[in-house]
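Start at 1 with the first residue, then count along the sequence.
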Amino acid sequence: MSEEYKSCLVSRLSRFVSLTDHECAFIAEMEKDEHPRKKGRPVVSVGDRTEGIMVLKSGWAVVRADSADGRSQILRVYLPGEVMGLAEIGSSHASHRVMMQTDGVICPFPRVGLAPLYTDYPRLGALLTAIGSLDQIALRHHASSLGSMDAAGKLKFWLLQLRSRLEVANIGLGNRFQVPFSQVEIGQAVGLTSIYVNKLLRRFVESGDMEIKRPYVRLLKRDEWEKHCEFVNAFVDMDTSWFPPAIGAETTGAADLARSA
């Protein structure tokens, strides 16, 4: 394809550094092999051989863990422009299943194709490593909230973190954002029953803390929520001082387009 397109991955990475045309060309190569996936369809199953990474070019996906008694947990939410499989890059087989939460497009990229990141695109490799680190910190904060907060705090923290991650992806609109999850699925993400989730959401709306117009929500008292939850946005504190210099063309702006091959 010769037509330019807006890359969610370029948009996300450009929040932290101004990418070069050289780096954008590599990202375009990562996104070249497009595979549409429908909502509810598996992306990765437990035991699958991990061949590399996948760019979630559009749509949402979730990582699930299933117990022997039939219960399911949502361990991680992937957003448009995020790279799936970085946490498994050192493993030969998948230990959790990944499902599409909405319709979307995934772009598989073989593990061997990542080698140039460390030779031809060292700054881009450092950036992906740093983002992976921030993702892990965010997951720790989420795990801590599940163990230390009451039910309302758990749900507030999850929504706050989702909002902050959407902002990084440049697809959030301030305090209004999409939440394409049923109440059952929200409960699976925060360790609550769907009945309790329904009760809390109604309470938030009645108290003037939130507006809900499915699939969108608007946080009306975000500052108060962040203070109450002692919310830490892991994605505003990236240290880029150690990154190697970019190799290739001159840098481009944060809203630049990646070109497909």
Side-chain angles (χ1 to χ4, degrees), residues 6-32 50-57 61 63 75-92 95 107-145 157 160-172 226 230-259:
K6 175 93 170 174
S7 165
C8 286
L9 179 54
V10 167
S11 181
R12 185 171 192 253
L13 298 181
S14 296
R15 296 275 297 191
F16 305 104
V17 301
S18 293
L19 298 175
T20 67
D21 289 339
H22 194 52
E23 291 165 333
C24 286
F26 183 79
I27 293 172
E29 186 67 22
M30 292 174 65
E31 296 181 318
K32 182 173 65 174
T50 54
E51 303 290 348
I53 62 172
M54 287 174 283
V55 177
L56 186 58
K57 191 168 185 178
V63 179
L75 304 179
R76 164 84 192 256
V77 178
Y78 283 111
L79 304 175
E82 294 191 336
V83 179
M84 303 186 292
L86 286 176
E88 292 79 22
I89 201 68
S91 176
S92 60
S95 55
C107 303
F109 192 71
R111 183 177 286 142
V112 66
L114 294 172
L117 278 175
Y118 304 97
T119 54
D120 301 333
Y121 311 91
R123 190 182 67 151
L124 188 57
L127 179 56
L128 289 174
T129 299
I131 286 181
S133 170
L134 297 184
D135 284 338
Q136 291 303 310
I137 292 172
L139 286 171
R140 290 177 191 174
H141 287 318
H142 174 59
S144 177
S145 76
F157 192 95
L160 288 169
Q161 193 170 79
L162 187 60
R163 190 213 69 83
S164 69
R165 292 177 58 213
L166 285 165
E167 186 176 56
V168 172
N170 283 327
I171 54 176
E226 290 180 347
E230 298 182 350
F231 179 72
V232 177
N233 186 349
F235 298 97
V236 298
D237 190 30
M238 179 184 286
D239 177 15
T240 62
S241 64
W242 60 276
F243 286 11
I247 299 174
E250 294 184 1
T251 57
T252 57
D256 284 357
L257 303 175
R259 294 179 174 82

### Task
Would you sort out whether E29 and F109 count as a side-chain contact (heavy atoms from CB on, under 4.5 Å), showing the intermediate values?
CA-CA 9 Å; E29 186 67 22; F109 192 71; 4.3 Å; yes
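- In this structure, P110 and E51 have side chains that are not in contact, with every pair of non-hydrogen atoms separated by 4.5 Å or more.
- The distance from the OH atom of Y78 to the CG atom of L56 is 9.5 Å, given to the nearest 0.5 Å.
- Applying the side chain to side chain donor-acceptor pair (under 3.5 Å) rule to E88 yields no partners; only residues at least two apart in sequence or on another chain are considered.
- Residue L124 holds its CG atom at 8.0 Å from OG1 of T20, rounded to the nearest 0.5 Å.
- Not counting sequence neighbours, the partners of L86 by the side chain to side chain contact (heavy atoms under 4.5 Å, CB included) test are I53, V83.
- In this view, S241 and D239 satisfy the side chain to side chain donor-acceptor pair (under 3.5 Å) rule, not counting sequence neighbours.
- Annotation: salt bridge (charged side-chain N to carboxylate O under 4.0 Å, His left out) contacts of E23 (sequence neighbours excluded): R123.
- Of all heavy-atom pairs between F16 and F235, the closest is CE2-O, 3.6 Å.
- Minimum interatomic distance between R15 and V168 (heavy atoms only, all atoms of both residues): CG-O, 3.1 Å.
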### Query
Can L13 and I131 be said to form a side-chain contact (heavy atoms from CB on, under 4.5 Å), step by step?
CA-CA 9 Å; L13 298 181; I131 286 181; 3.2 Å; yes
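- To the nearest 0.5 angstrom, C8 atom SG is 12.0 Å from I27 atom CD1.
- Closest non-hydrogen pair, C24 versus L19, comes out as SG-CB, 3.9 Å.
- Note that OG of S7 is 11.5 Å distant from CZ of R12, once rounded to the nearest 0.5 Å.
- Considering only residues two or more places apart in sequence or on other chains, T240 meets the side chain to side chain contact (heavy atoms under 4.5 Å, CB included) condition with V17, M238, F243.
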Scan the side chains in residues 134-142 for donor-acceptor partners under 3.5 Å anywhere in the protein, sequence neighbours excluded, and list what turns up.
from : atom 1 : to   : atom 2 : distance (Å)
H142 : NE2    : A189 : O      : 3.3

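- Not counting sequence neighbours, the partners of Y121 by the ring pair (Phe, Tyr, Trp, His ring centres under 6.0 Å) test are H22, F26.
- Residue pairs meeting the side-chain hydrogen bond (donor to acceptor under 3.5 Å, both in side chains) criterion with at least one partner in residues 108-118, sequence neighbours excluded, are T50-R111.
- R165 places a side-chain N or O within donor-acceptor distance of the main-chain N or O of V77, the cut-off being under 3.5 Å.
- In this structure, the separation between CG on L9 and CG on L128 is 7.0 Å, given to the nearest 0.5 Å.
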